[in-house]
Protein chains: 2
Amino acid sequence: MRVNKFLTIYENLVERIQSGNIKPNTKLPSENELVEQYGTSRETVRKALNLLSQNGYIQKIKGKGSFTLDVGKYDFPVSGLVSFKELAEKMGKPWKTIVCELDLEKPDPYIQKQLNINGKDSVWKIARARELENERIILDKDYVLQSVVPTLSKKICEGSLFAYLEGELGLKISFAKKEISVDEPTEEDYRYLDLKDYKHIVVVKNYIYLEDASLFQYTESRHRLDKFRFVDFARRGH
Amino acid sequence: MRVNKFLTIYENLVERIQSGNIKPNTKLPSENELVEQYGTSRETVRKALNLLSQNGYIQKIKGKGSFTLDVGKYDFPVSGLVSFKELAEKMGKPWKTIVCELDLEKPDPYIQKQLNINGKDSVWKIARARELENERIILDKDYVLQSVVPTLSKKICEGSLFAYLEGELGLKISFAKKEISVDEPTEEDYRYLDLKDYKHIVVVKNYIYLEDASLFQYTESRHRLDKFRFVDFARRGH
DNA sequence: AAGTGGTCTAGACCACCTT
DNA sequence: AGGTGGTCTAGACCACTTA
């Protein structure tokens, strides 16, 4: 075994749930049974089950067992950190990315503040319009520290920036803070998007951190009102 | 000790971080040191630290230690499940709740679908306008299964519905699914809110589940555009 | 009473970082 | 080499549910 036991158990169970092999609202094998099935210890099984619980796959009930939840309704999971490319593919819709801007620049004061840097650091600015069903409905503006990402190309930006950062550069993205609000469109929004007559735009600000807790990217996703949707799963308490 | 060890350790550390006793971006004691300080085992300490990590208080780095994050920017944590009352109090602003409607009724087809019931079940409908700084900016419409909550009063709705459900009735709320979108205002919105000239409204749909994974409440929070804000903290991967 | 999940322990080995 | 967090184990006791 090279990989994590609890992760492989988790992935195996996710697979079985998503494929319908284990049906919604049915009882999973008990922890002790899973211990035997996977030939491991109970704490390891419990680690896998807690992951399933956190991610909304199952509900654990003391004295009764673990039950699968109806996970079918997650048709647009913006929850967590998901790139546009992953998302569009999951929805199976035709999509296109248009790279509007790609520049290395000294950031303006607002971006300096968002990234918590001073004017000396260079920043990549990427502006990309996202086209779904022949309408440009999302404008993604990324600001990436050049000290972390030395080189970038139009080709990379047309694909998945995330895949490049994690795959090619080996960066490990650890967590993100997200803020959703509504604002008035800027000139840029009108220029790059098919905004129709909408007088407002949904703004999602993303602050993205690496494994060492350093902030390295600020992204502003600007969504046309009627096409915006955000889904979240939250457990209460602790 | 009556209570959970790992929870008391967690709460103790949260307290120390939020009070500034432990400053942002500093190193916590190592796990082994915490084992000694709290007189417990390492797995228990790790359970507390993992909770801190999940909730955005610390970042754990292999080989180096656990470091506090700058948690100061969480001034409006709608993330997770938080009631309006808890929120308003946290912000320290004057707020008021106006109960617009309180009825026991047979739900219309849309609500039946949301709650996954048929027309025979009775449902409490509660409509409440939330007033902040003399403007009614949020309309909360709650639909609660009468089979779970037999009685309700105007007085209860003026306070915190959550506090009543969890405190008085002893219901245990386990998790919720949330969906954010933008829609056009209804007549109801115009009647109960100070909508100004805004032609759209932010809609947050909440599906709230009990410990046994049964859906018992559907809530629609309708926010005036300019006052809407949603903050989320998300860890990547697993 | 038997089965279930929740908590806790003491110890082990590993991978990573620092010195 | 020593310290750190990450994983895993085998066993224990508890609280809750069901029969």
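The chains referred to below are lettered A, B, ... by the order of the sequence lines, with proteins before strands, and numbering in each begins at 1.
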Qualifying residues under ring-ring contact (aromatic ring centres under 6.0 Å, His included), relative to B:Phe228, sequence neighbours excluded: B:His223

When you measure only distances, ignoring hydrogens and angles, does the side chain of A:Glu43 come within 3.5 Å of the base of C:dC8 through a donor and an acceptor? yes

Side-chain donor-acceptor contact under 3.5 Å, A:Ser66 with A:Gln59: no

Could you tell me how far apart B:Lys47 (NZ) and D:dG6 (P) are, to the nearest whole angstrom? 16 Å

Round to the nearest Å and state the distance from A:Asp212 atom CG to C:dC16 atom C1'. 14 Å

Per B:Phe6 side chain, nearest of listed nucleotides D:dG5, C:dG5, C:dT7: C:dT7

When the side chains of residues 40-50 of chain A are checked against the rest of the protein, which donor-acceptor pairs come out under 3.5 Å, sequence neighbours left out?
from: A:Ser41; atom 1: OG; to: A:Thr44; atom 2: OG1; distance (Å): 3.2
from: A:Arg42; atom 1: NE; to: A:Glu31; atom 2: OE1; distance (Å): 2.8
from: A:Arg42; atom 1: NH2; to: A:Glu31; atom 2: OE1; distance (Å): 3.0
from: A:Arg46; atom 1: NH1; to: A:Glu31; atom 2: OE2; distance (Å): 2.9
from: A:Asn50; atom 1: OD1; to: A:Lys60; atom 2: NZ; distance (Å): 3.4
from: A:Asn50; atom 1: ND2; to: A:Arg46; atom 2: O; distance (Å): 3.2

Quickly, which of B:Arg128, B:Lys125, B:Arg130, B:Arg222 forms a salt bridge (charged side-chain N to carboxylate O under 4.0 Å, His left out) with B:Asp140? Name it, please. B:Arg130

Option among A:Val123, A:Leu169, A:Leu161 that satisfies the side chain to side chain contact (heavy atoms under 4.5 Å, CB included) test with A:Val149: A:Leu169

So how far is it from A:Ile17 CD1 to A:Thr26 OG1, rounded to the nearest 0.5 Å? 8.0 Å

Distance, rounded to the nearest Å, where A:Gln59 contributes CD and D:dT17 contributes P: 13 Å

Which whole-number value in Å describes the distance from A:Asn4 CG to D:dC8 C1'? 10 Å

Set of side chain to side chain donor-acceptor pair (under 3.5 Å) partners for B:Tyr207, sequence neighbours left out: B:Gln114

Residue A:Lys60, side-chain heavy atoms: nucleotide from C:dG11, C:dG6, D:dG6 that is nearest: C:dG6

Protein-nucleotide distance (B:Glu211, atom CD; C:dT4, atom P), rounded to Å: 19 Å

On DNA chain C, more 5' by nearest nucleotide between A:Arg46 and B:Ile61 is A:Arg46

Whole angstroms only, please: what is the CG-P distance between A:Asn50 and C:dT4? 17 Å

Quick one: is C:dT9 close enough that its OP1 or OP2 comes under 4.0 Å of any side-chain N or O from B:Lys5? yes

Taking the axis from the first five pairs and the axis from the last five, what angle separates them in the helix from C:dA1-D:dT18 to C:dT18-D:dA1, rounded to 10 degrees? 0°

Return the value, rounded to whole Å, for the distance between atom CD1 of B:Ile9 and atom C1' of C:dT7. 12 Å

By nearest heavy atom, map B:Arg42 and A:Lys64 onto DNA chain D; which one lands nearer the 5' end? B:Arg42

Selection: residues 21-41 of chain B, any non-hydrogen atom under 4.0 Å of DNA chain C: B:Thr40, B:Ser41

State, without any angle test, whether B:Gln217 and B:Thr219 hold a side-chain donor-acceptor pair at a distance under 3.5 Å. yes

Please name all residues satisfying side chain to side chain contact (heavy atoms under 4.5 Å, CB included) with B:Ser19, sequence neighbours left out, ordered by chain then number. B:Glu15, B:Asn21

Nearest-Å distance, CD1 (A:Ile58) to C1' (C:dT4)? 13 Å

